[in-house]
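Take a look at the structure set out below.
In what follows, every heavy atom counts, from backbone to side chain, and hydrogens, waters and symmetry copies are set aside. Numbering starts at 1 and runs along the sequence shown.
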Amino acid sequence: MGDRSGAAAGGQAAIETRDLTKVFGQGQAAFRALDRVTLTIEKGEFFTLLGPSGCGKTTLLRLIAGFEQPTAGDLLIDGKAVAGQGPNQRPVNTVFQNYALFPHMTVADNIGFGLKMLKKPKSEIAATTDAMLRLVKMTAMADRKPAAISGGQQQRVALARALAPRPRVLLLDEPLSALDLKLRKEMQGELKRLQLETGITFVFVTHDQEEALTMSDRIAVMAEGRILQLGSPAEIYNHPAERFVADFIGDTNFLDAEVTARNGRTVMVRLPGGAVRKASLPEGLAPAAGERVTIVIRPEHASLAPDRDGEGDLEGTVENTVFFGTDTHILLRLPGDTPFTLRRQNTGTATSPPEPGRTARIRVAEGGIQVLRA
């Protein structure tokens with residue numbers, strides 16, 4: 001986790017929004033891109049805005065950066081209102097998707113450019129540039145031009161350039177989207193390392209759930225200009241507040257079930273096929289006995305019962321198996337034409353996957369069922 005001592009000592013969050021709203025256009029052509037978003041981002045956090053295209057995450061980032069101004073609501077950085085201020089008046093820097101490096105400058109000159117524009121002394125520019133080159137492991141390439149280095153190296157230069165002036169907040173607008181899969185995974189670790197070493201607040205925008213889960217201290221899942229759920233990666237993944245979040249974050253099985261009893265934050269539900277199991281409830285949901293609900297079961301929380309074991313929580317017909325290297329997905333069809341996927345880790349000792357067409361019993365792990373809001 002990042003160093004959050006500044007938040008505790010200073011008493012101010014890095015970023016606060018209060019009913020922040022952005023509307024583009026007027027009249028019937030008006031589009032509400034951001035709808036009364038209230039949010040606090042702590043100092044030293046790696047905070048991610050996650051959601052599909054058009055959900056409002058980039059609009060929120062641009063409002064924080066100063067590239068757009070809000071239609072309504074408040075925006076504070078380090079406790080100070082910044083409405084009306086441009087990007088150069090705010091203690092933030094932004095790393096864009098295309099990196100925007102100067103092709104005629106060397107790597108070192110690109111990194112020091114912002115400091116030069118701030119009219120810092122030459123000795124300070126040189127020292128800071130050297131420190132940034134070491135931080136992003138690019139010292140050996142200081143004299144190269146951007147065209148002579150790889151895409152991943154260009155991204156490191158863009159990060160170093162943005163970090164050099166020591167902004168209070170670094171905004172990252174899907175900076176990994178142009179990289180191939182292997183390099184993207186490598187850079188996820190690099191980004192987290194940089195954030196931890198610098199202690200700077202990172203606000204990261206992505207539509208990639210894996211990026212969000214692997215790097216973030218907290219995630220805000222967005223849709224239609226609103227924040228649907230805010231929490232740690234584990235909270236978001238294991239306890240989604242509603243169906244959209246459960247469906248967007250990871251693979252998910254949705255089933256209809258009936259509540260048979262409720263005790264505080266847990267209920268007993270009758271699964272398709274008749275088995276009764278315990279399930280957890282999200283905050284604010286209190287279904288009564290006899291009520292129909294939607295439940296979610298993650299594929300890794302289900303397993304096939306051994307052939308010799310006639311018991312199980314669900315029963316279905318195997319349709320296909322898909323090999324993913326580290327694990328195998330077994331695709332089944334439950335009664336009522338309901339699809340169901342379970343994930344089995346490939347340990348090297350696992351039995352062969354079941355043949356398509358056979359009937360299989362499914363066990364659900366303890367704690368593996370959650371009731372969702374409709």
Side-chain angles (χ1 to χ4, degrees), residues 17-20 34-42 47-52 55-56 209 212-213 216-303 311-316 334-342 362-374:
T17 70
R18 301 168 186 166
D19 292 328
L20 198 64
L34 212 63
D35 188 10
R36 294 173 296 176
V37 169
T38 296
L39 174 68
T40 299
I41 300 174
E42 301 294 348
F47 190 93
T48 297
L49 301 171
L50 174 67
C55 71
Q209 54 182 269
L213 292 173
S216 310
D217 292 321
R218 287 192 301 154
I219 300 169
V221 182
M222 298 186 67
E224 298 180 346
R226 298 179 297 113
I227 293 176
L228 300 185
Q229 187 171 355
L230 175 62
S232 70
E235 290 168 344
I236 296 289
Y237 185 83
N238 292 321
H239 303 288
E242 54 188 272
R243 186 176 183 125
F244 178 90
V245 177
D247 197 23
F248 191 75
I249 307 292
D251 298 323
T252 311
N253 296 300
F254 296 101
L255 300 176
D256 292 328
E258 179 187 354
V259 175
T260 62
R262 178 166 62 88
N263 182 13
R265 304 308 312 149
T266 63
V267 291
M268 301 302 293
V269 294
R270 180 173 288 109
L271 306 179
V276 176
R277 293 294 308 275
K278 183 186 295 186
S280 59
L281 291 171
E283 289 292 332
L285 192 64
E291 188 173 336
R292 302 293 298 182
V293 294
T294 297
I295 61 171
V296 58
I297 302 172
R298 296 290 189 184
E300 64 271 21
H301 294 156
S303 61
E311 296 184 0
D313 300 308
L314 298 163
E315 184 175 278
L334 306 185
D337 202 33
T338 301
F340 192 94
T341 300
L342 62 86
I362 302 167
R363 287 177 173 172
V364 181
E366 186 69 25
I369 304 174
Q370 178 168 324
V371 177
L372 295 180
R373 296 189 183 93

Check against side chain to side chain contact (heavy atoms under 4.5 Å, CB included), M222 and L34 = CA-CA 10 Å; M222 298 186 67; L34 212 63; 3.8 Å; yes
request  = Test L230 against F47 for side chain to side chain contact (heavy atoms under 4.5 Å, CB included), laying out the working first.
outcome  = CA-CA 10 Å; L230 175 62; F47 190 93; 3.5 Å; yes
Audit row: L271, I369, side chain to side chain contact (heavy atoms under 4.5 Å, CB included) steps and yes/no = CA-CA 10 Å; L271 306 179; I369 304 174; 4.3 Å; yes
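Under the 3.5 Å distance criterion, the side-chain polar atoms of Q370 are left unmatched by any main-chain donor or acceptor of P282. For the pair N253 (side chain) and T341 (backbone), a donor-acceptor distance under 3.5 Å is present. When atom types are taken as modelled, the side chain of T17 and the backbone of V37 share a donor-acceptor pair closer than 3.5 angstrom. In this structure, the side chain of D247 does not engage the main chain of R243 through any donor-acceptor pair within 3.5 Å.
In plain terms, the two heavy atoms of T260 and V269 that are nearest each other are OG1-N, 4.2 Å. The two residues L372 and P240 make their nearest non-hydrogen contact at CD2-O, 3.5 Å. Listed here is the closest heavy atom pair of P233 and A212: CG-O, 4.3 Å. For the pair A246 and T252, the tightest heavy-atom approach, listed with the atom from each and the gap, is O-OG1, 2.6 Å.
For the atom pair CG of D251 and CZ of R298, the computed distance is 8.0 Å after rounding to the nearest 0.5 Å. The line from CD of E291 to CG of L285 is 7.5 Å long, rounded to the nearest 0.5 Å. Here the straight-line distance linking atom OG1 of T38 with atom CG of L20 works out to 8.5 Å at 0.5 Å rounding. Atom CD of E258 is separated from atom CD1 of I295 by 12.0 Å, given to the nearest 0.5 angstrom. Residue L228 holds its CG atom at 10.5 Å from CG of L50, rounded to the nearest 0.5 Å. With values rounded to the nearest 0.5 angstrom, F244 atom CZ is found 11.5 Å from Q229 atom CD.
Inter-residue side-chain proximity for L314 and P272 is flagged as met; some heavy-atom pair is nearer than 4.5 Å. Proximity of L255 to L334: side-chain heavy atoms (C-beta onward) are separated by under 4.5 Å at one or more points. Under the 4.5 Å side-chain criterion, counting only non-hydrogen atoms from C-beta, D256 is in contact with T294. In this structure the side chain of F248 never reaches within 4.5 angstrom of the side chain of I236, judged on heavy atoms.
Other residues, nucleotides and ligands contribute over 12 non-hydrogen atoms within 6.0 Å of the CZ atom of R262.
No option in R277, R270, K278 other than R277 meets the salt bridge (charged side-chain N to carboxylate O under 4.0 Å, His left out) test with D313.
Side chains of T48 and R218: a donor-acceptor N/O pair is absent below 3.5 angstrom, by distance only.
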